[in-house]
Amino acid sequence: MSDAKNARLEYDGKTVELPSLTGSENETGLDISRLRAETGIITYDPGYGNTGSCRSSVTYIDGEAGILRYRGYPIEQLAEKSNFLECSWLLLNGDLPNTKELNSFTNNITIHTMLHENFRKFFGSFPKAAHPMPVTAATVGAMSAFYQEKDTPETLHETTIRLLAKYPTIAAWSYKHSIGQPFIYPRNDLDYASNFLHMMFATPCEEYEVNPIIARALDQLLILHADHEQNCSTSTVRVVGSSQANIFAAISAGISALWGPLHGGANQKVIEMLDAITHQGMSAEDFVARAKDKDSDVRLMGFGHRVYKNFDPRARVLKKACHDVMNAMGLNSKQLEIAMALEEIALNDEYFIQRNLYPNVDFYSGIIYKAIGIPVNMFTVMFAMGRMAGWIAQFLEQKESPEFRISRPRQIYTGAPERNWQPVDTR
Ligand code: CMC
């Protein structure tokens, strides 16, 4: 990290020196932390679109070049060669584990997957029709009542294991509750993704035979969603953690932030689009024509991206996984046929080619989840399962940072100036 060039800001006859920071990939920021103290003015950046909130060594993204790296490792290599628990270790510890470390970490996660039995009653107290997202957010928050020790490096290590191990159980039980089926307990002989599929789809009457192609696709989805630097939910985890609230509270808040349709809900829109096309009896060609028509407000959901302007590296990986899953499951759904036709037409259409509109991660993840049998209201719960690793890594990084301080943005006040209290009727 080199802090070579400074900037000078002139305002109202005063000149302020703003030190610059340069990261390891040469992205540069101006340090404005002394600006208010020296001039009385603040910066204004709604949505923090141009604000660096921290220094972080976890994840690097270059949207123009289609780059996503965890701790320096390209996402394509991790998706091909690694598995979700190894990537989680990488995000948490800064480097890949050796065999002994990975085995011990995997074993530790495997033996902590059960929930305290009182959680059965906790789940039972939610309405049957409860959406699984608030149920998972509430359950993760409630874990702080079961594990009340103060956050220290040792307890945080255990908490990390508990969160990663128990979240798939929480997710599967939130689904079982919503369909009124008995909860299925975890199995220690299965890997992370297979165990989750077992808890989702087995019943006391029937075992669920896990297809390794499906389990691998799910594991890849978790890898691809594991971190995405300072996005809305990760920033939420950091903001809550900055008050020294416990990690369960911070992660629960992150899950709630992820629930919003502008963040974790986009793959649901893909399925809604496929539903609409099927119900209206439209062809893929007709829908693409409508999406290109500037007089319609229709868009091809799952295409285009705000950050990735050439391609979404996660989508490239998922395209193959998606086709593998479809072949393994047999292409037996009208919706999935339409999805593949939309992809084929749009990738060869001048409108999409000229505007650099490629399928994004949500196009394929929605289709894979649908093919596996994961219901639409569980999509964001699945996203949170992968992102859990990144949220914890970012929480821990913040906690250890020498720059740790409570998050407290300023504002430009636009309300009424001072006025005296007076009954409204006598004004
Ligand atoms: N279908 C049809 N036309 C599109 C689409 C689309 N999906 N996306 C962009 N365009 C057109 C848009 O009309 C515009 O055309 P013109 O230049 O003729 O006016 C041009 O492409 C540029 O679009 P933009 O809206 O300026 O691009 P943006 O960077 O502001 O928007 C986006 C990015 C993701 C919001 C947008 O591409 C979109 O709405 N896509 C569909 C929704 C979607 O898939 N969202 C999930 C994004 S991935 C989330 C994640 O990473 O977690």
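If you're wondering where the values come from, they're calculated on a predicted model, not measured in any experiment. The figures here come from the full heavy-atom set of this structure, side chains too, leaving out hydrogens, waters and symmetry mates. One-based numbering, in listed order, for ligands and for the atoms of each.
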For this session: Go through the side-chain N and O atoms of Q230 and T234 and say whether any donor and acceptor fall under 3.5 Å apart.
Result: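 Absent: no donor and acceptor within the cut-off.
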For this session: For residues H228 and Y308, establish whether the separation of their ring centroids is below 6.0 Å.
Result: yes
For this session: Return the set of residues passing side chain to side chain contact (heavy atoms under 4.5 Å, CB included) with S401 (not counting sequence neighbours), or none when no residue passes.
Result: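 E403.
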Under 3.5 Å: N or O atoms of ligand 1 paired with protein N or O:
unit_1: ligand 1; atom_1: 1 (N); unit_2: L300; atom_2: N; d: 3.1
unit_1: ligand 1; atom_1: 3 (N); unit_2: Y351; atom_2: OH; d: 2.9
unit_1: ligand 1; atom_1: 7 (N); unit_2: L300; atom_2: O; d: 2.8
unit_1: ligand 1; atom_1: 7 (N); unit_2: F303; atom_2: O; d: 3.0
unit_1: ligand 1; atom_1: 13 (O); unit_2: K294; atom_2: NZ; d: 2.9
unit_1: ligand 1; atom_1: 13 (O); unit_2: R299; atom_2: NH2; d: 3.3
unit_1: ligand 1; atom_1: 15 (O); unit_2: K294; atom_2: NZ; d: 3.0
unit_1: ligand 1; atom_1: 15 (O); unit_2: R355; atom_2: NE; d: 3.3
unit_1: ligand 1; atom_1: 18 (O); unit_2: K294; atom_2: NZ; d: 3.1
unit_1: ligand 1; atom_1: 18 (O); unit_2: R355; atom_2: NE; d: 3.1
unit_1: ligand 1; atom_1: 18 (O); unit_2: R355; atom_2: NH2; d: 3.0
unit_1: ligand 1; atom_1: 25 (O); unit_2: R299; atom_2: NH1; d: 3.1
unit_1: ligand 1; atom_1: 25 (O); unit_2: R299; atom_2: NH2; d: 3.1
unit_1: ligand 1; atom_1: 29 (O); unit_2: R306; atom_2: NE; d: 3.3
unit_1: ligand 1; atom_1: 29 (O); unit_2: K309; atom_2: NZ; d: 2.5
unit_1: ligand 1; atom_1: 30 (O); unit_2: R306; atom_2: NE; d: 3.3
unit_1: ligand 1; atom_1: 30 (O); unit_2: R306; atom_2: NH2; d: 2.8
unit_1: ligand 1; atom_1: 37 (O); unit_2: F303; atom_2: O; d: 3.4
unit_1: ligand 1; atom_1: 39 (O); unit_2: R299; atom_2: NH1; d: 2.9
unit_1: ligand 1; atom_1: 40 (N); unit_2: F303; atom_2: O; d: 2.8
unit_1: ligand 1; atom_1: 44 (O); unit_2: G302; atom_2: N; d: 2.7
unit_1: ligand 1; atom_1: 44 (O); unit_2: N360; atom_2: ND2; d: 3.0
unit_1: ligand 1; atom_1: 51 (O); unit_2: H305; atom_2: NE2; d: 2.6
unit_1: ligand 1; atom_1: 51 (O); unit_2: R314; atom_2: NH2; d: 3.2

Exercise. According to the side-chain hydrogen bond (donor to acceptor under 3.5 Å, both in side chains) rule, which pairs have a member within residues 247-266, sequence neighbours left out?
Worked result: N231-H263, S233-H263
May I have the list of side-chain donor-acceptor pairs in residues 46-53 shorter than 3.5 Å, sequence neighbours left out?
unit_1: T51; atom_1: OG1; unit_2: D45; atom_2: OD2; d: 2.4

For this session: Mind telling me whether Y175 and F201 have parallel, tilted or perpendicular rings, with 30° and 60° as the class edges?
Result: perpendicular
